[in-house]
Amino acid sequence: MGFTLQFHSSAQFSGKQEQRHFLEAWVEMYNETFIDHWNFHDLTVEKLEHKMSYPDYRQDLDLVALTADGTFAAFCICFIRPEDNQRKGTREGRIADLGTRRGFRERGLGKAMLLSGMERLQDVGMDKAILGVDAENPSGANRLYESVGFRKVHTKIIYGKEL
């Protein structure tokens, strides 16, 4: 089965109806991808639209892998915080969300999307990519990130208590 890499800014998503389809399909893919992850909360179209209204959101850094029949199979959203880069004197981009939908895993899509996201960041002038991950991620994401050269630079522990 082949896949096509598309961007949110691709012409096929340019009309109002196409844009709505993109959002609905993206939300469905995201929810199916992360349902078994720690602290998962259903994403809605409204929440996604809100995220996409952030000043730093760029459609050209929002990638999705589509099957021949148009099914959204995997995704990688990257973003750049220009103010942070200016303040720190860096050219750093972030892999914000990366995932592969159930049924499409174990085919190399996660790695392909990660590498594509890194390439997009480099294409727009970034020289470093960072990301965060749940240390106990059930999907083996840590191995994936290390396989393409990412290294742990910081560890964060979050505590919680039911009240």
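Count residues from 1 along the sequence.
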Applying ring pair (Phe, Tyr, Trp, His ring centres under 6.0 Å) to Y30 and F72, what does each step give before you reach the verdict? CA-CA 9 Å; Y30 180 91; F72 283 44; over 10 Å; no

What do the steps show when you test D60 against V124 for side-chain contact (heavy atoms from CB on, under 4.5 Å), and what is the final call? CA-CA 10 Å; D60 62 324; V124 297; 4.1 Å; yes

To the nearest 0.5 Å, how far apart are [atom1] in [X] and [atom2] in [Y]?
X	Y	atom1	atom2	value
K51	D97	NZ	CG	5.0 Å
M29	T100	CE	OG1	9.0 Å
Q86	E83	CD	CD	8.0 Å
T4	L66	OG1	CG	6.5 Å
F3	M113	CZ	CE	10.5 Å
I130	F150	CD1	CZ	9.0 Å

Is there a path of hydrophobic side-chain contacts, each under 4.5 Å between heavy atoms, that joins [X] and [Y]?
X	Y	answer
F40	I77	yes
L98	L131	yes
F79	F75	no

Check: [Y] and [X] side chains under 4.5 Å, non-hydrogen atoms:
X	Y	answer
K128	T90	no
R105	T33	yes
S147	K111	yes
I95	Y145	no

Does the side-chain contact (heavy atoms from CB on, under 4.5 Å) test come out yes or no for L144 and L114, once each step is laid out? CA-CA 9 Å; L144 168 63; L114 177 59; 4.1 Å; yes

Could you tell me whether [X] atom [atom1] has more than 12 heavy atoms of other residues or ligands within 6.0 Å of it?
X	atom1	answer
K152	NZ	no
Q122	CD	no
E46	CD	yes

Let's go through F34 and L43 carefully: what are the C-alpha distance in whole Å and the side-chain angles of both, what is the deciding distance for side-chain contact (heavy atoms from CB on, under 4.5 Å) to 0.1 Å, and is it a yes or a no? CA-CA 10 Å; F34 290 120; L43 182 65; over 6 Å; no

Where is the tightest heavy-atom contact between [X] and [Y], given as atom of each residue plus distance?
X	Y	value
S116	L63	CB-CD2, 3.7 Å
C76	G117	SG-CA, 3.9 Å
G132	R94	N-NH1, 3.9 Å

Side chain of [X], backbone of [Y]: donor and acceptor closer than 3.5 Å?
X	Y	value
R102	E32	yes
K47	V27	no
D56	R81	no
N85	E92	yes

Step by step, work out the side-chain contact (heavy atoms from CB on, under 4.5 Å) result for I80 and R58. CA-CA 9 Å; I80 300 164; R58 293 178 50 168; 3.8 Å; yes

